[in-house]
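Handing you a structure now.
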Amino acid sequence: MTYTLGLIGSGMIGGVLARLAVDAGLDVVLSNSRGPETLDGLVAELGPRARAATPAEAAQSGDFVVATIPLSAYDRLPSTALVGKTVIDTMNYYPGRDGHITVLDNGELTSSALVQRHLSGSRVVKACNNLFFLSLLTAVRPAGAADRSALPIAGDDAGAKADVTELLDRIGYDVVDIGTLADSWRSEPGMPVYVLPYFPAQPPFAASPAELRRWFADNPGPGVPAAEVKALVAGAVRVPIADRLPT
């Protein structure tokens, strides 16, 4: 069966997920805040399975919808168009970028629970938020591969998590269910499973973008299997966001 993946946000993570989805035989509908015409180049690269639209159109078209925008803009997600949809939330909270959000600073809510509150008619699943975008691109492996990596997911709806598990398996990842959206802090920035375990070594971030992409392509790493993800998640300790953000 051919599914359609809608993307609200088509930057680093969104662009990679679109490529992986097309490679896996899915159709994709891309959108951003600047208008469909700004995505002509990416659509041309992705080929006939891809098209650009407005965020509301991407939401309506997708069997699954990825929300991958700065968290500060979460309340601009088209809640009406997303009613009944499974929404994959890749967003992370960085106060220095997003501004301070009191319910996140004080631990009252996780960022994904905040998104779910806005998207009350949708089924939000936290996923694909704990990898650097180039790791997400180069760590894919076929099912059963010895070096296949696993990604943590969290959500309040079991059916939605099952759907996202199937999607991630199709694009090249195993999955570890880490609980509800209230538990999703365990994969947030600064936690043990966030970004660093998927690096084979320290990436040359000072290099040019082209050199950095080459480095990741040449150094895909040994994979982070489900057992390791489970151990990293189990070892997470929740502390205030300001005390755990990576430098």
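Only this structure's heavy atoms are used, side chains among them; waters, hydrogens and symmetry mates stay out. This chain uses plain numbering: 1 for the first residue, then up along the sequence.
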For residues 4-12, which side-chain donor-acceptor pairs fall under 3.5 Å, sequence neighbours excluded?
residue : atom : partner : partner atom : Å
Ser10   : OG   : Ser31   : N            : 3.3
Ser10   : OG   : Ser31   : O            : 2.9

Would you say Asp183 and Thr180 are linked by a side-chain donor-acceptor pair, where the criterion is simply a distance under 3.5 Å?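 Yes, side-chain donor-acceptor contact under 3.5 Å.
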Return the CZ to OG1 distance between Arg213 and Thr138, rounded to the nearest 0.5 Å.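 The CZ atom of Arg213 sits 10.5 Å away from the OG1 atom of Thr138.
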Phe132 vs Tyr198, ring-ring contact (aromatic ring centres under 6.0 Å, His included): CA-CA, chis, key distance, verdict: CA-CA 8 Å; Phe132 185 59; Tyr198 298 87; over 10 Å; no
Please check: side-chain N/O of Glu211 versus main-chain N/O of Arg214, any donor-acceptor pairing under 3.5 Å?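 Flag not set: sc Glu211 to bb Arg214 has no pair under 3.5 Å.
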Atom pair CG/OG of Asn219 and Ser135 - distance to nearest 0.5 Å: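 So the CG of Asn219 and the OG of Ser135 are separated by 10.5 Å.
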Can any side-chain N or O of Arg49 pair as donor or acceptor with the backbone N or O of Val22 at less than 3.5 Å?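 A pair under 3.5 Å: no.
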Does the side chain of Asn32 come under 3.5 Å of the side chain of Thr38 through a donor N or O and an acceptor N or O?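 A donor-acceptor contact under 3.5 Å links the two side chains.
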Arg117/Asp75 under salt bridge (Lys or Arg N to Asp or Glu O under 4.0 Å): CA gap, chis, key distance, verdict: CA-CA 10 Å; Arg117 189 169 70 178; Asp75 55 356; over 6 Å; no
Donor-acceptor check, side chain of Lys85 to backbone of Gln60, threshold 3.5 angstrom: yes or no?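 Checked: pair present.
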Look up atom CG in Leu20 and atom CG in Leu26, then write down how far apart they are to the nearest 0.5 Å.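 Taking CG in Leu20 and CG in Leu26, the distance rounds to 10.5 Å.
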Answer yes or no: does atom CZ of Arg238 have more than 12 heavy-atom neighbours from other residues, nucleotides or ligands under 6.0 Å?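 For Arg238, atom CZ is crowded (more than 12 foreign heavy atoms under 6.0 Å).
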Sidechain-backbone polar pair: Glu166 side chain, Asp163 backbone, donor-acceptor under 3.5 Å: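 Between the backbone of Asp163 and the side chain of Glu166 there is no qualifying donor-acceptor contact (under 3.5 Å).
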Among Asp177, Asp156, Asp89, find the residue that satisfies the salt bridge (charged side-chain N to carboxylate O under 4.0 Å, His left out) test when tested with Lys126.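 When salt bridge (charged side-chain N to carboxylate O under 4.0 Å, His left out) is applied between Lys126 and each of Asp177, Asp156, Asp89, only Asp89 qualifies.
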Report yes if the distance between the aromatic ring centroids of Tyr93 and Tyr74 is under 6.0 Å, otherwise no.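 Not under 6.0 Å, so no.
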Does Tyr173 reach the side chain of Leu136, with side-chain heavy atoms less than 4.5 Å apart?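 Yes, their side chains come closer than 4.5 Å.
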Does any N or O in the side chain of Gln116 come within less than 3.5 Å of the main-chain N or O of Ser122, such that one atom is a donor and the other an acceptor?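 Confirmed, Gln116 side chain pairs with Ser122 backbone.
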